[in-house]
There are 2 protein chains.
Amino acid sequence: MQKKRIPSVSIDSVVFGFEEDQLKVLLVKRNIDKESNLWALPGGDICYHEDIDHAAERILEERTGVKVYMKQFGTFGKVDRVPDERYITIAYYALVKPDVYKLSLKKDDCDVKWVNVYDLPNLLYDHDTIILYALDSLRRRIRSEPVGFNLLPHHFPLLALQRLYEVILDTRFDKPNFRSKILKMKILIKLDEKQQGVAYRSAHLFKFDKQRYDALIEKGFNFEL
Amino acid sequence: MQKKRIPSVSIDSVVFGFEEDQLKVLLVKRNIDKESNLWALPGGDICYHEDIDHAAERILEERTGVKVYMKQFGTFGKVDRVPDERYITIAYYALVKPDVYKLSLKKDDCDVKWVNVYDLPNLLYDHDTIILYALDSLRRRIRSEPVGFNLLPHHFPLLALQRLYEVILDTRFDKPNFRSKILKMKILIKLDEKQQGVAYRSAHLFKFDKQRYDALIEKGFNFEL
DNA sequence: TCAAAAGTGTTTGTTATACACCCATGT
DNA sequence: ACATGGGTGTATAACAAACACTTTTGA
């Protein structure tokens, strides 16, 4: 049974993943869009009796089977963005951890792939514009809020965090400086655990301390990178 | 003749103005909403053959007769935000200069007033939430982009700029430090003109130099306050 | 002459930046 | 031994914060 949908409005999601020091985006090819055969963002419609945030999570969960960090960042409504139809789309970006990364092929009625955000193929409609806008939004947010951890495993070495910020912000950081800056914030917990199977000195693993962070925010602390 | 509208979707605008060292928001009382009699944000529907950004400008222009700086900042779509109906609204904030401020009563089929953003009355639907969200968005943007000038006259004294930032960011700045910081950016032009009719030493007036700013941006300059 | 804001300069402490350097590990 | 990243320390420059002070103007 198909539930009633809101007409003329859709949701599209830019799903970001971090793998091999690259920022990647999840693309799909729906069997429905046979004509175009272009890669597209995962998306869907909104039910009449569901909040839009819930719709965004549902659509992504139907495809990947998991719940992830999601953020609405813009709504796109140029008249000609979808040929021969009037469609407004509300866009979200999602940040997924590497363990989720692999689960992205749940349903087999569609093709799925991850691509480097800096090397996109031709995309359906205005989906390239939407991705660039998502990247811009993510860049703004990641510098003032600790959302980057949503792209890393729960336990990670400091250099992974640095590489993540470097690839998203498209810049380089000095290792000692980055290290001391992030550690001075006191929002990371150093674990006993260490890296395994690396061909060099293994690094300590850290995890993000959300409780500590929330407490610091109360006191007026400001995350800034 | 009424043009065809997109169903279930509306646009609402948070119009910010700066007057008497206060950040104010434009509220209206539409005759249509007789039942509720609550103050509300100015808003309207989207035509089938018009971009949403255009719709936002049109709706505001119909009411105030002017074009202003507008920025889309979020879309609100909780199921119960409008009783007995399903309505998603795309929200914009607008920044208007004081000369426009007075023109806000163009049409007389509605009541209009400016209220302090920090002292809001009871509002229609979720319009209070939308305003708070708009303020948050404005705060983020005004610290990293020179959009604040859209709330000031073309020619303004430095202290007006400082007061503007203080009231929006809800903080205080040290006058000499604020002054030197903004002047070091080299994005203001000092005019020969001076303040008039003040009961104290008149200040030099400045204007924002958009050309200079764009050129600096090219070179990697970053506005930050 | 006083109040109110304009406008300039200095001092101090904190951060950012750029390095140099040693450590641990697998090949 | 050496390549690779882990991890620490330091010297310098740049900047932020606090504040003292003089100037101008109308009432």
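Proteins get letters first, then strands, A, B, ... in listed order; numbering begins at 1 in each.
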Is A:N177 side chain donor-acceptor paired with the C:dA16 base, going by distance under 3.5 Å alone?
-> no
More than 12 non-hydrogen atoms from neighbouring residues, nucleotides or ligands closer than 6.0 Å to CD on B:Q196, yes or no?
-> no
Taking atom [atom2] of [N] as reference, at what distance in whole Å does atom [atom1] of [X] sit?
{"X": "B:D174", "N": "C:dT11", "atom1": "CG", "atom2": "P", "result": "16 Å"}
{"X": "A:E193", "N": "D:dG6", "atom1": "CD", "atom2": "P", "result": "16 Å"}
{"X": "A:F178", "N": "C:dA18", "atom1": "CZ", "atom2": "P", "result": "16 Å"}
{"X": "A:L188", "N": "D:dG6", "atom1": "CG", "atom2": "P", "result": "15 Å"}
{"X": "A:F173", "N": "C:dC19", "atom1": "CZ", "atom2": "P", "result": "17 Å"}
{"X": "A:L225", "N": "C:dT17", "atom1": "CG", "atom2": "P", "result": "11 Å"}

Would you please indicate yes or no on a ring centroid separation below 6.0 angstrom for B:Y133 and B:F76?
-> yes
Would you confirm whether the ring centroid of B:F156 sits within less than 6.0 angstrom of the ring centroid of B:F208?
-> no
A:R58 and A:E61 ion-paired at < 4.0 Å | no
B:E145/A:R140 salt bridge by N-O under 4.0 Å criterion | yes
Tell me whether the OP1 or OP2 atom of D:dC15 has a side-chain N or O from B:K181 closer than 4.0 Å.
-> no
Nucleotides 1-7 of chain C: which of its N/O atoms have a protein N/O under 3.5 Å away?
unit_1	atom_1	unit_2	atom_2	d
C:dA6	N7	B:K175	NZ	2.7
C:dA6	N3	B:R201	NH1	3.0
C:dG7	OP1	B:H204	N	3.1
C:dG7	OP1	B:H204	ND1	3.0
C:dG7	O5'	B:R179	NH2	3.3
C:dG7	N7	B:K175	NZ	3.3

More 5' along DNA chain C: B:L183 or A:K184, using each one's nearest nucleotide?
-> B:L183
Measure the acute angle between the ring planes of B:Y69 and B:Y93, then classify it against the limits of 30° and 60° as parallel, tilted or perpendicular.
-> tilted
